[in-house]
Structure formats: C-alpha cells, structure tokens
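Just so we're clear, the structure is a prediction, and the values are computed from it rather than from any experiment. Counting starts at 1 for both ligands and their atoms, in listed order.
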Amino acid sequence: MADSTVTIAVLAPDLLGTYGDIGNALVLERRLAWRGLSARVLGVNPGTGVPETADIYLLGGGEDAQQTLATTELVRSTALGRAVDRGAVVFAVCAGFQILGHRYPAAGTERPGLGLLDVDSLRTKDPRAVGELLADPIAASVAGAELGPLTGFENHAARTRLGPAARPLAAVVSGVGNGFDNLEGAVQGRVVGTYLHGPALARNPALADLLLSWVVGELTLLTLDEVDQLRRERLIGQTGAQAMKGRSRTRAWRNWQTRWT
Ligand code: GLN
C-alpha cells in the first residue's frame, strides 16, 4: 500500500550532520525494511522548503555557523511546527536539539530557535563537552519503553536547560549531556532532542524502534547479531564498563529516577 510508506525528512543534511548523524535516517529506513515496511528518505536542504507531511523529521549536529544558517530557513517556515501539531515525530541531535528550543548561542550571539521543545541552550563557564556519553533513560519520559542504557559521543559548547513542558530523556551516568541537573536530552510529545551522536540510533536501536512505533504502531522484535555486537562493544567501552559495574551512578541519577518514574 503506497501510503503505508514512512516518510523520513532529514532537515538541512548538508549543514547539520557532524559525526554521521545522517546515519539515523538509514537506521530508521533499515529497521523498517527488515520488517517488510517501506520508507522514503528525503534530504531537505535550505531553499527546497520544509515538507509538511513527513512522518519523521531528523536534525543533526553542526558547527555554530552551519547551525545558524540552517535555523534561518527553519525559523522562517512554519511547516515543522504544523507537522508537530499533527503528531509527526522529530528526532534532533546536538545543534538540532538546540535549534528546537527557545534560544541557543552561536558564535557569541543568542539566536532564536523554533520553540518546539521547552528548552533553552546557553553558554556557561564550563568547557566544551567532548567525549563518550552514557545515560540511563527515564522510563516515564519514554512511555516505559525498554531502551537500555543510551550511549553516544558528545561535542558541544552550549548547555541546555529544560523548562516545565519538556521531560528529560535520560539521566547522565557519565559524560555531560545537557549540563544541568545531570540530565540528557528532552522529550515533549513526539519531539525528542539529545546530545548523542554515534549515530545515536545505530548505537541505540531500541530508541530507533520507539520512534518508529510512534508512527507505525507495535513492531515485531528484531534479532540482529551485528547490531547487538555493536551495542555490546560500545557499552563495554571505557565509560560503559564503569557504569555497567554501577560505580558511577550518582545520587542525582537516583533522584531523577525516583522523580520521573
Ligand atoms: N554549535 C553547538 C555547540 O557547540 C552544537 C555543536 C554540535 O552540534 N556538535 O553547542
């Protein structure tokens, strides 16, 4: 059936896509295909207009200049806002995450974001956050989905504070994440922001399936040895090994688990 094809729009892929974030689209497309479902991936570069009818919108990370260029076009268009209003899924990484909020800093200037997530990104005195990031999903924010630990790579100067309408995606086990309250990412309805590169959905396939389930409903379970192996390798990496042994679980982590689950 032609209209069962899931449309995935990658916004500004030529500007926002550090660390292979475009891979998130490929993971979504593949995980649908392995279940016999079809997907159409659209790259939407500035000047071509944001489609209003996609099922999933993806935004990646980028340097300040690229982030600003990409935002200029997105702020001008109301298409993404309308798509969110009708229930479309948005998954945004790093610069993309910041763009979805109310404001973000770029090259010393505060810029307006799209306001689709109740978050503010700002510069603090803290140094750039660079390295592996490991976080435990907050069950209440992800509708109780069993995601397992979230792993990825982060590289950002800004920090992101959540407003009351946004829920945290996860609690940081190691790394920086949002940089406030020991939290990582944000979820508001079907809009998800994160600092995880990797690409995030390759390293965290259950998160990919959660996003897909919001579009196509319940999914059959996939058992893929290579995917499991990649995930295991990442989790057994230095930060993962520490956290798996339970050594770096902080009091803040426990507090957030209690508060949000
Ligand atoms: N320019 C933003 C920052 O440094 C985003 C960086 C990124 O997307 N990797 O905070």
Side-chain angles (χ1 to χ4, degrees), residues 9-27 43-46 57-75 80 90-135 150-163 166 168-170 172 174-187 191-204 207 211 234 239:
V10 187
L11 301 181
D14 290 356
L15 296 170
L16 301 177
T18 46
Y19 314 117
D21 293 324
I22 186 118
N24 289 326
L26 304 179
V27 171
V44 183
N45 273 305
Y57 293 82
L58 299 176
L59 287 133
E63 301 80 0
D64 286 6
Q66 284 79 347
Q67 182 175 9
T68 305
L69 265 176
T71 315
T72 307
E73 166 120 343
L74 288 169
V75 165
L80 189 58
V90 183
F91 181 70
V93 178
C94 204
F97 174 26
Q98 297 171 5
I99 288 170
L100 293 185
H102 303 297
R103 62 187 172 119
Y104 67 89
T109 311
E110 186 177 293
R111 306 260 172 197
L114 304 184
L116 297 175
L117 277 175
D118 185 17
V119 305
D120 281 315
S121 297
L122 49 138
R123 281 304 298 265
T124 65
K125 291 200 177 82
D126 295 319
R128 173 171 284 276
V130 185
E132 287 293 311
L133 173 57
L134 184 80
L150 299 176
T151 84
F153 175 81
E154 64 182 330
N155 182 356
H156 52 102
R159 302 294 195 264
T160 300
R161 187 157 40 206
L162 270 58
L169 172 64
V172 173
S174 57
V176 175
N178 295 352
F180 290 102
D181 304 318
N182 211 47
L183 298 174
E184 152 50 26
V187 184
V191 181
V192 180
T194 179
Y195 275 111
L196 296 165
H197 295 283
L201 299 182
R203 284 175 66 158
N204 304 284
L207 181 58
L211 303 178
R234 296 304 185 185
T239 51

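Side chains of E154 and V130 form no contact here, defined as non-hydrogen atoms less than 4.5 Å apart. In this structure the side chain of L74 reaches within 4.5 angstrom of the side chain of L11, judged on heavy atoms.
No salt bridge links R161 with D120; every basic N to acidic carboxylate O contact stays at or beyond 4.0 Å.
Of all protein heavy atoms, the one closest to atom 7 (C) of ligand 1 is C94 SG, 2.9 Å. Here the protein heavy atom with the shortest distance to atom 1 (N) of ligand 1 is D64 OD1, 2.5 Å. In terms of protein heavy-atom proximity, atom 2 (C) of ligand 1 is closest to Q67 OE1, 3.4 Å. Regarding atom 3 (C) of ligand 1, its nearest protein heavy-atom neighbour is A157 N, 3.3 Å.
Among D21, N155, L122, the residue whose heavy atom lies closest to atom 9 (N) of ligand 1 is N155.
Using modelled atom types and a 3.5 Å distance limit, the side chains of Q98 and T160 yield no donor-acceptor pair. Residues T151 and R203 bring a donor and an acceptor atom of their side chains to less than 3.5 Å of each other. For the 3.5 Å distance criterion, the side chains of N178 and Y195 fail to qualify, holding no donor opposite an acceptor. A donor-acceptor pair shorter than 3.5 Å can be found between the side chains of D21 and H197.
Taking distance alone, with nitrogen or oxygen atoms compared against 3.5 Å, G61 stays at or beyond that limit from ligand 1. Residue contacts with ligand 1: G62 is placed with a nitrogen or oxygen under 3.5 Å of a nitrogen or oxygen of the ligand (distance criterion only). Looking at ligand 1, you'll find an N or O of Q98 within less than 3.5 Å of one of its N or O atoms.
Of all atoms in ligand 1, listed by their number and element, those nearer than 4.0 Å to a heavy atom of H156 are 3 (C), 4 (O), 10 (O). Set against the non-hydrogen atoms of A158, the atoms of ligand 1 under 4.0 Å away are 3 (C), 10 (O). Atoms of ligand 1 lying under 4.0 Å from any heavy atom of R128, numbered from 1 in the order shown and given with element: 4 (O). Atoms of ligand 1 found under 4.0 Å from any heavy atom of H197 (numbered from 1 in listed order, with element): 9 (N).
Aromatic ring centres of Y57 and F91: separated by at least 6.0 Å.
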